[in-house]
Number of protein chains: 2
Amino acid sequence: MKRIAESTVRRLSLYLSFLEGIERQGLKTVSSDELARLGGTTSAQVRKDLSLFGSFGKRGLGYFVPELSEKLREILGLGKQWRVCIIGAGKIGAALARYRGFAERGFNVTAVYDSDEAKIGKRWETLTVRPISELEKDAAKQGFDIAVVATPAENTPAVVKQVVRAGIKAILNFAPVQLSVPSDVTVRNVNMAMELEGLSFALSNRSE
Amino acid sequence: MKRIAESTVRRLSLYLSFLEGIERQGLKTVSSDELARLGGTTSAQVRKDLSLFGSFGKRGLGYFVPELSEKLREILGLGKQWRVCIIGAGKIGAALARYRGFAERGFNVTAVYDSDEAKIGKRWETLTVRPISELEKDAAKQGFDIAVVATPAENTPAVVKQVVRAGIKAILNFAPVQLSVPSDVTVRNVNMAMELEGLSFALSNRSE
DNA sequence: TGGCGCTTGTGAATTAGTTCACAAACTAAT
DNA sequence: ATTAGTTTGTGAACTAATTCACAAGCGCCA
């Protein structure tokens with residue numbers, strides 16, 4: 001299959017969330033034009049995105065909502081249950097561990113790690129913070145699909161090295177550093193400072 | 001000035017963070033090649049990005065670290081202090097309000113709002129949660145540059161309408177919905193579900 | 001059945017973004 | 001002062017992403 005751009009995947013994810021809303025409203029079909037309106041893009045873009053994976057619509061009618069939802073879930077790999085571990089039991093880690101939205105979408109947080117002695121053993125709901133030195137062993141035993149990294153910048157490179165060694169192939173990185181990983185490991189960055197600076201830039205350069 | 005791509009702005013932000021690290025190490029100059037290596041891009045990209053704003057380097061030598069840092073801060077509008085309000089006093093809002101990193105970079109959280117009676121009046125460090133009905137009035141009095149929206153999906157459109165009416169021109173949106181705002185308002189979205197789904201897609205479609 | 005009104009799917013055209021490649025400018029060494 | 005070794009800044013070439021535009025398919029109604 002040809003390479004799919006990250007921007008395309010983001011939009012598919014967006015379309016799926018719209019479809020879920022539309023389904024709740026009880027509508028049966030939806031047009032590319034309507035999805036485009038909701039997502040702030042064009043109908044051609046919507047059709048092109050979907051056409052990369054097959055042809056799911058009916059001419060003159062649009063797309064059947066439950067059918068397209070199902071297709072998108074399949075494309076995005078949301079049928080499965082993913083095993084997620086959180087690394088870093090600080091504020092962000094804590095907020096993420098308690099976040100309900102993960103499990104709803106099939107992302108099950110099954111363990112939390114930290115390197116700080118003082119944090120180890122703390123309990124959050126059903127989870128207990130474990131020493132990061134155990135990560136590799138635990139991964140071998142139960143397996144993790146995704147690691148959420150929420151550690152201080154200075155510890156992050158070392159932490160990521162352990163994550164990679166544990167065989168985890170997908171990382172959601174909240175630390176404000178660029179990760180260096182082998183090419184078979186996928187990284188997504190969430191960097192608040194960068195987003196705020198983007199807004200700062202926009203505010204500073206309006207209408208020039 | 002010509003339109004600057006969002007991807008460019010993200011990279012400038014990244015370069016700045018590298019420069020801060022390099023400055024701490026005490027290095028005087030840095031080459032586009034070194035910045036590229038740190039950022040996982042190419043030296044031509046780095047030079048092109050910078051050249052959109054001027055020519056800051058010295059041939060044969062590279063860029064003076066403090067000088068380039070300063071230029072980037074200027075470009076990104078980080079000289080100023082920005083007044084930020086947080087809307088939504090739930091888990092994410094709370095985590096953000098307590099987050100130290102904001103103030104360090106000139107983003108000062110000066111108020112928190114919520115529409116839920118039960119949350120109003122709560123105190124977080126120096127901040128007190130205020131009713132969102134006061135937002136417009138407060139904005140007229142003290143002025144806000146940026147609103148961080150961290151409300152449940154269903155309330156978000158109404159909340160955003162109030163933010164826009166209050167004259168705020170930049171929004172950092174954590175709600176998992178697409179905002180519809182006038183074209184003079186800049187929005188950046190942070191959507192965890194979307195990031196996780198991107199990883200899910202990558203894991204499901206490796207090497208095809 | 002035939003015709004009209006929609007809407008998809010997709011090559012072609014366009015626009016945006018990245019990389020190449022090299023002259024010009026600078027440092028350091030001799 | 002000359003030369004060798006770097007590294008910038010930038011048109012030109014290339015690649016990627018988006019938008020256009022239209023034939024073809026489908027439902028509905030007379």
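Letters A, B, ... are given to chains in the order of the sequence lines, protein chains preceding strands, and every chain is numbered from 1.
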Next item on the list: Could you walk me through whether A/V181 and A/K161 pass side-chain contact (heavy atoms from CB on, under 4.5 Å), step by step?
Entry: CA-CA 8 Å; A/V181 297; A/K161 210 174 281 178; over 6 Å; no

Given the rule in the side-chain contact (heavy atoms from CB on, under 4.5 Å) test, do B/F53 and B/L72 qualify, once you have shown the distances and angles that lead to the verdict?
-> CA-CA 9 Å; B/F53 299 93; B/L72 285 178; over 6 Å; no

>> Go through it in stages, so that I can follow the logic: the residues are B/N191 and B/E195, the test is side chain to side chain donor-acceptor pair (under 3.5 Å), and I'd like the CA-CA distance, side-chain angles, deciding distance and then a yes or no.
In response: CA-CA 7 Å; B/N191 187 330; B/E195 304 303 334; over 6 Å; no

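Checked against the 6.0 Å centroid criterion, the rings of A/Y99 and A/F102 qualify as a close aromatic pair.
We find that CD of A/Q45 is positioned 14 Å from P of C/dT8, with the value rounded to whole Å. Rounded to an integer number of Å, the gap from CG of A/L61 to P of C/dG9 is 11 Å. Whole-Å rounding puts the B/R3 CZ to C/dT15 C1' distance at 11 Å. Taking atom OH on B/Y63 and atom C1' on C/dA25, their separation rounds to 13 Å, with Å as the unit. In this structure, the NZ atom of B/K48 is 13 Å from the P atom of C/dC20, given to the nearest Å. For A/L68 and C/dT8, the CG to P distance is 11 Å, given to the nearest whole Å.
You can see that DNA chain D meets the heavy atoms of chain B within a 4.0 Å-exclusive cut from D/dT6 to D/dA12, reading 5' to 3'.
Taking 3.5 Å as the limit, the base of C/dT7 and the side chain of A/R59 contain no donor-acceptor pair of atoms between them.
Side chains of B/T110 and B/R83: a donor-acceptor N/O pair is absent below 3.5 angstrom, by distance only.
The backbone N or O of A/Q142 sits nowhere less than 3.5 Å from a side-chain atom of A/D138 that would complete a donor-acceptor pair. A donor-acceptor pair under 3.5 Å is formed between the side chain of A/D114 and the backbone N or O of A/A89.
Both key distances under 3.5 Å define a Watson-Crick or G-U pair, and stretches of 3 or more such consecutive pairs in DNA chain C run C:1-30 with D:1-30.
With sequence neighbours excluded, the residues forming a side-chain hydrogen bond (donor to acceptor under 3.5 Å, both in side chains) with A/R100 are A/E125, listed by chain and number.
Of the side-chain N and O atoms in B/R11, none sit less than 4.0 angstrom from OP1 or OP2 of C/dG17.
Of the residues near DNA chain D, A/T42 and B/G62, the one whose nearest nucleotide (by heavy atom distance) lies more toward the 5' end is B/G62. For the pair A/S43 and B/R47, both in contact range of DNA chain C, the more 5′-proximal nearest nucleotide belongs to A/S43.
Among the atoms of the strands shown, base atoms are found under 4.0 Å from some heavy atom of A/A44.
In this structure, CG in B/N189 is found 9.5 Å from CZ in A/R10, a value given to the nearest 0.5 Å.
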